[in-house]
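Numbering of residues begins at 1 and proceeds along the displayed sequence. All values below come from the heavy atoms of this structure, side chains included, with hydrogens, waters and symmetry mates left out. Counting starts at 1 for both ligands and their atoms, following the listed order.
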Amino acid sequence: MNETGLSEEKIRNILNDSKSQDLKYERVLSSMCTYPHRVAVEAHMQFIESNMGDFGLFKGTSNLEKEVLSMLSNLLHHPGASGYMTTGGTESNIQAIRSMRNLFIQKSKCEKPNLVVPDSAHFSFDKVSDILDVELRKASLEDDLKVSIDSVKSLIDENTIGLVAIAGSTEFGQVDPIARLSEIALENNIFLHIDAAFGGFVLPFLEMSCEFDFILPGVTSIAIDPHKMGMSTIPSGVLLFRTNEHLESLKAETPYLTVSTQYTLTGTRSGAAVAATYAVMSFLGKEGYREKVSGCMELTHYLMDRLAGINVYPLLKPVMNVVALKVSKPDLVRSRLAKEFNWQVSITQKPHGLRLVIMPHVTFEMIDSFVKDLEKVLQTI
Ligand code: 0PR
């Protein structure tokens, strides 16, 4: 740090320079985030100093959080679910599994708890395993990249605290057979957490939806991220529990704050993101999200048609606005797209392919121009 401060103008210049080095979303086809909605940004700015870590000081923001939880509980078919706003999918997944572990250990003696997750689970579950010292058992996938029910069943034993299912996998946007997993969880008297960090703001608004939430009786918790397809600002995640005992199992005493207990992983917590999420959800309503999702799906289908025109096909018929493509040498294609045309795409591991996420910032023009550039790259690979 300098002894004396820089001028505002100097700082503005530095910031502008840094900002110009950031990629614009107009070249990004790899991200599960997008430009937050204008209404979210305005609310975020208005509540910029609000700290939900000591929410007795910010009663208004705290009420907005209750409203967000209520809207999402209703959307996910369990009015009155308990939970809180997290920093995103990673924190929601950590806390969901932490509560499973705490409740499981309370009820049964267990040396080494384990958790059964699909092989397609997001890498946040590897962090969960490390932090919580819970063994991760990865169930294999079927050809359609949904978790294999037989594999899940074979991995459950007396130390299994619960199962995880993905509603919109990071790499393929696939949805696991959650209705069947819900039955298995109930049969084995174990918990079932749904990672709907991405799909939670997509599935309820698709024309052809499927049951993935609390409507299924075995589902005990859900992670859903407003900062992905919810169009809110970062950091906005939500964790919901079917029953309050899950939240209670996360309780910490906070004697010197305005509130005496805390259930969150972080202490200081963004009230700005809470206000932003409330604002954008209230502004868009179900109708607005249906429009956003249908726009993304229309573009996804348009992309599929354009790609078929250059003989590129998906590894899996897209379930949502996440597309994995069969191409030879995906890593090379990805790096050439970046180097020669400034496109950001990502890759899938198993099977190996090129991955695109068709977020609300994507346009028909972007797709036309991307397909042309991809064709050029593929002709010389
Ligand atoms: N669960 C699922 C299914 C996810 O896809 C993700 C993140 C998480 C949990 C973790 O969420 P947070 O990152 O909010 O903690 N999925 C994206 C990914 O890892 C996140 C992302 C977003 C990556 C924007 C890149 C990017 O530009 O691919």
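- With T90, T86, T87 as candidates, the residue nearest to atom 15 (O) of ligand 1 on a non-hydrogen basis is T90.
- Interatomic distance, I234 CD1 to D225 CG, rounded to the nearest 0.5 Å: 10.0 Å.
- Shown are S92, S99, S221; of these, the side-chain hydrogen bond (donor to acceptor under 3.5 Å, both in side chains) with H193 is made only by S221.
- Each of the atoms 11 (O), 14 (O) of ligand 1 lies under 4.0 Å from some heavy atom of D225.
- In terms of protein heavy atoms, atom 19 (O) of ligand 1 is closest to H122 NE2, 2.9 Å.
- Looking from atom 26 (C) of ligand 1 to the surrounding protein, the closest heavy atom is S31 OG, 3.4 Å.
- Ligand 1 places these atoms under 4.0 Å from at least one heavy atom of G89: 10 (C), 11 (O), 12 (P), 14 (O), 15 (O).
- Taken to the nearest 0.5 Å, the NZ atom of K251 stands 8.0 Å off from the OG atom of S260.
- From the protein, the heavy atom lying nearest to atom 18 (C) of ligand 1 is T170 CG2, 3.6 Å.
- Closer than 4.0 Å to atom 23 (C) of ligand 1 lies none of the heavy atoms of the protein.
- Atom numbering of ligand 1 starts at 1 in the shown order; those under 4.0 Å from a heavy atom of F123 are 19 (O).
- Close to ligand 1: H227, with a non-hydrogen atom less than 4.0 angstrom away.
- The environment of K24 atom NZ is dense: over 12 non-hydrogen atoms of other residues, nucleotides or ligands sit within 6.0 angstrom.
- Between atom CG of residue L325 and atom CG of residue L307 there is a gap of 5.5 Å, rounded to the nearest 0.5 Å.
- Remark: the T348 side chain and the R355 side chain contain no N/O donor-acceptor pair separated by less than 3.5 Å.
- At the top of the distance list for atom 1 (N) of ligand 1, counting protein heavy atoms only, stands D195 OD2, 2.6 Å.
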Do S124 and N93 pass the side-chain hydrogen bond (donor to acceptor under 3.5 Å, both in side chains) test, and can you show the C-alpha distance, the side-chain angles, and the key distance before you say yes or no? CA-CA 7 Å; S124 50; N93 288 338; 3.2 Å; yes
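- With distances taken over non-hydrogen atoms, the option nearest atom 13 (O) of ligand 1 out of E171, K228, M32 is K228.
- Residue contacts with ligand 1, taken as heavy atom pairs separated by less than 4.0 Å, do not involve V28 at all.
- Less than 4.0 angstrom separates some heavy atom of A197 from each of these atoms of ligand 1: 1 (N), 2 (C), 9 (C).
- Under 3.5 Å, the side chains of Q95 and Y84 contain a donor-acceptor pair of N or O atoms.
- Close placement of the F191 and H246 rings is indicated, their centers lying within 6.0 Å of each other.
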